[in-house]
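Quick notes on the structure that follows.
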Amino acid sequence: MKNNNKEIAKIFNEISGFLAMDKVPFKPFAYEKAAVVLASLNEDVSQIYQQGGIKALEELPGVGESMAKKIVEYLKTGKIKYYQGLKKMTPINLAEISEVEGLGPKKTKILYEKLGIRNLKELESAAKKGKIAPLFGFGEKTEKNILEGIAFTKRAKGRFLLGEIFPMVREIEERLASLGEVEKISVAGSIRRKKETIGDVDFLVVTKAPEKVMDFFVSLPGVVKVWGKGKTKSSVRLEEGFDVDLRVVPPKSYGAALQYFTGSKEHNIATRKIAIFKNLKLSEYGLFTKGNKIIAGRNEEEVYQALEMDWIPPELRENQGEIEAALKHQLPHLVEQKEIKGDLHCHSDWDGGGNTISEMAEKAVSLGYQYLGISDHTKFLRIENGLGEEELAGQRKEIEKINKRFQDANLDFQLLQGCEANILKDGSFDIKDSALAKLDYVIGGIHSSLKMAQKEMTERMIKAMKNPVLKIISHPSGRILKKRDEYEVDFEKILRAAKEFKVILEINSSPVRLDLNDKKIKIAKERGVKMAINTDAHSREQLELMEFGLYQARRGWAEKKDILNCEGIKDLRKSLK
DNA sequence: GCCGTTTTCGGCCCGACTGTTTTCAGTCG
């Protein structure tokens, strides 16, 4: 269960920060790059090491002799001496402080040297006392930004990203399901509803051997604490910091319990009201008549059916109209994974991504896609090695070459060439429109000047949308979960412009973005604005993140017809024209 | 510290933007 890749990536990121503090040239970038590679790896480094030794580690892009040694040291001892030495010299909780938007290594170091600030708590106290503004290089605004950043970090605390937790939940579910004694199992709660952030995890099982199942549960790998262990309920904490509950329920109540523990609370209250109206009583034990005779409970379908409702997909259970729709048998047919025909936003090694165009394409083929749009950054984002006019032309040739290969192999798959151009402060792009017009499509994204006032930001986006080369707006609200709020923009105006100028809004699948979010997706759908679910993958593994964008789309009531990349290649090409 | 259709050494890490130190360092993507 322990995730070596993430742990080492975290340490490398901190090393990068410590080195940046001392203005060490180039090394910070090298460590950062390696951290990104490690974090996006599918296979655990311990496996790579076991199979291929230190040589195999050095094969990883961005990892050389020195870092490979450090990885081995970590695998063998759980520590990296070099890192501990740096931390000793400057005992700052860098990971914690860097969470605050606007604070980097240099400023953090000054704060430590002048005010002795080592962590978030000390930072907040100093900012509140007004000690930061008078420092050389700081000021009123910086202090205010720091306080706002801390407040934001705090609000998000205690909740985990769906994308962080989901793989672990799947693993636990598989382990439990593999026990012969477990007859039925499901995860419930906000995970089943696919909420973007999760408080804790609930599992329900049906079993004839509860003791054995509970014993197995509390000794799962990764369990660091057992809060309680009983016949019907046990709770544990995993080393990642979140709690998991396991409940054993009788078969005749399984559906009612699943319905109850899936929530949301608001959905349950509304459902119970329907039961009361029908002179029935709904609880986690079942649906009962006034005479306490059980009439449903074995599965969810029969519970909803007995209430004369259609079964409601968990993603919709937020009491946002799904109850009424289920009563009228008018629930939407939510978009499904198998309806996704391709991905229109991913990055190749041309702009610093982890894999070549060929490798990305092969992965897309293995996912069953008909097409993949390569959309590398344009020149402004040089750190990501953004492409200029000539490079785009060169990339075009490369893509045509690869497409030829697929064609010769008689494969029903095509690469498209797009790009992710930057919408600058004035609403223009960072690259000539004439170069953009040569591509199959253009994605526009905001990556700078995020703190503009609402009116200016709205005008900036609409100006970009009016540009006929623009087809898709990437991550339209700009939030980073647990880190940064959305930028200020008049969303209704954006929707009107999207409709008028036929611009597609992206549903970005990255677990830290999920942008548009569920609420905005629902409004966009109601306004008749089309969307595209994209991964924004920077490596081939990240193409698998599509499921998280899909969940968000489903939470926003999106159907196949609302999603651009549910179109087959022919229709898509027409739509992109 | 990594990497090599410029290379085993000498490049790499750019541009927009912000806030603040009135000319530029730090941050972000």
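A gap of 30 Å separates the C1' atoms of B:dG11 and B:dT18, to the nearest Å. With both ends at atom P, the span from B:dT20 to B:dC28 equals 15 Å, rounded to whole Å. Taking the C1' atom of each, B:dG1 and B:dG15 are spaced 24 Å apart, rounded to whole Å. B:dC17 and B:dC2 are spaced 34 Å apart, taking the P atom of each and rounding to whole Å. B:dC13 and B:dA25 have their C1' atoms separated by 15 Å, with the value rounded to a whole Å.
A salt bridge links A:Glu113 and A:Lys109; the closest N-O separation between the charged side-chain nitrogens and carboxylate oxygens is under 4.0 Å. A salt bridge links A:Lys87 with A:Glu14; the closest basic N to acidic carboxylate O contact falls under 4.0 Å. In summary, A:Glu58 and A:Lys69 do not engage in a salt bridge, as defined by a charged side-chain N under 4.0 Å from a carboxylate O. Looking at A:Arg396 and A:Glu400, a side-chain N of the basic residue comes within less than 4.0 Å of a carboxylate O on the acidic one, giving a salt bridge. The pair A:Lys525-A:Asp562 meets the salt-bridge criterion, since a charged nitrogen lies less than 4.0 angstrom from a carboxylate oxygen. With respect to the salt-bridge test (charged N to carboxylate O, under 4.0 angstrom), the residues A:Arg555 and A:Glu196 do not qualify.
Rounded to an integer number of Å, the gap from CG of A:Asn422 to P of B:dC28 is 17 Å. Going from atom NZ of A:Lys23 over to atom C1' of B:dA25 covers 8 Å, rounded to whole Å. Nucleotide B:dG26 holds its P atom 14 Å from the CD1 atom of A:Ile146, rounded to whole Å. Protein atom CD of A:Glu101 is 12 Å distant from nucleotide atom P of B:dT27, rounded to whole Å. The distance between atom CG of A:Leu103 and atom C1' of B:dG26, rounded to the nearest whole Å, is 11 Å. In this entry the distance linking CZ of A:Phe138 with C1' of B:dA25 reads 11 Å, nearest Å. Taking atom CD on A:Glu140 and atom P on B:dG19, their separation rounds to 13 Å, with Å as the unit. Between A:Glu32 atom CD and B:dC14 atom P the separation is 14 Å, expressed in whole Å.
Contact between the side-chain N/O atoms of A:Ser66 and the OP1/OP2 oxygens of B:dG1 is found at a separation under 4.0 Å.
Of the residues listed (A:Lys129, A:Lys128, A:Glu122, A:Lys121), the one engaging A:Ser125 in a side chain to side chain contact (heavy atoms under 4.5 Å, CB included) is A:Lys129, and it is the only one.
With B:dG19, B:dT27, B:dG1 as the candidates, the nucleotide lying closest to the side chain of A:Pro105 is B:dT27. Comparing atom distances between the A:Ser449 side chain and each of B:dT18, B:dG26, B:dG1 picks out B:dT18 as nearest. The nucleotide whose nearest atom lies closest to any side-chain atom of A:Ser448 is, among B:dT27, B:dG19, B:dA16, B:dA16. The side chain of A:Thr142 lies closest to B:dG19, out of B:dG19, B:dG1, B:dA16. Nearest nucleotide to the A:Lys106 side chain, out of B:dT27, B:dC13, B:dC2: B:dT27.
Nearer the 5' end of DNA chain B, as judged by each residue's closest nucleotide, is the contact made by A:Leu135, out of A:Gly104 and A:Leu135. Take the nearest nucleotide of DNA chain B for A:Lys451 and for A:Val100: the residue whose nucleotide is more 5' is A:Lys451.
The 12-atom threshold is exceeded at CD of A:Glu96, counting heavy atoms of other residues, nucleotides or ligands nearer than 6.0 Å.
When heavy atoms are screened at a 4.0 angstrom cut-off, A:Lys70 is found touching the sugar-phosphate backbone but no base atom. Residue contacts for A:Lys107: at a heavy-atom cut-off of 4.0 Å it reaches the sugar-phosphate backbone alone, with no base atom in range. Among the atoms of the strands shown, only primed sugar atoms or phosphate atoms (P, OP1, OP2) are found under 4.0 Å from some heavy atom of A:Lys425.
Across every strand in view, B:dC3 sits in a pair with B:dG10 that passes the Watson-Crick or G-U test at under 3.5 angstrom.
Under the 6.0 Å cut-off for aromatic ring centres, A:Phe18 and A:Tyr82 do not qualify, their centroids lying 6.0 Å or more apart.
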Between the protein and nucleotides 8-12 of chain B, list the N/O to N/O atom pairs that are separated by less than 3.5 angstrom.
none

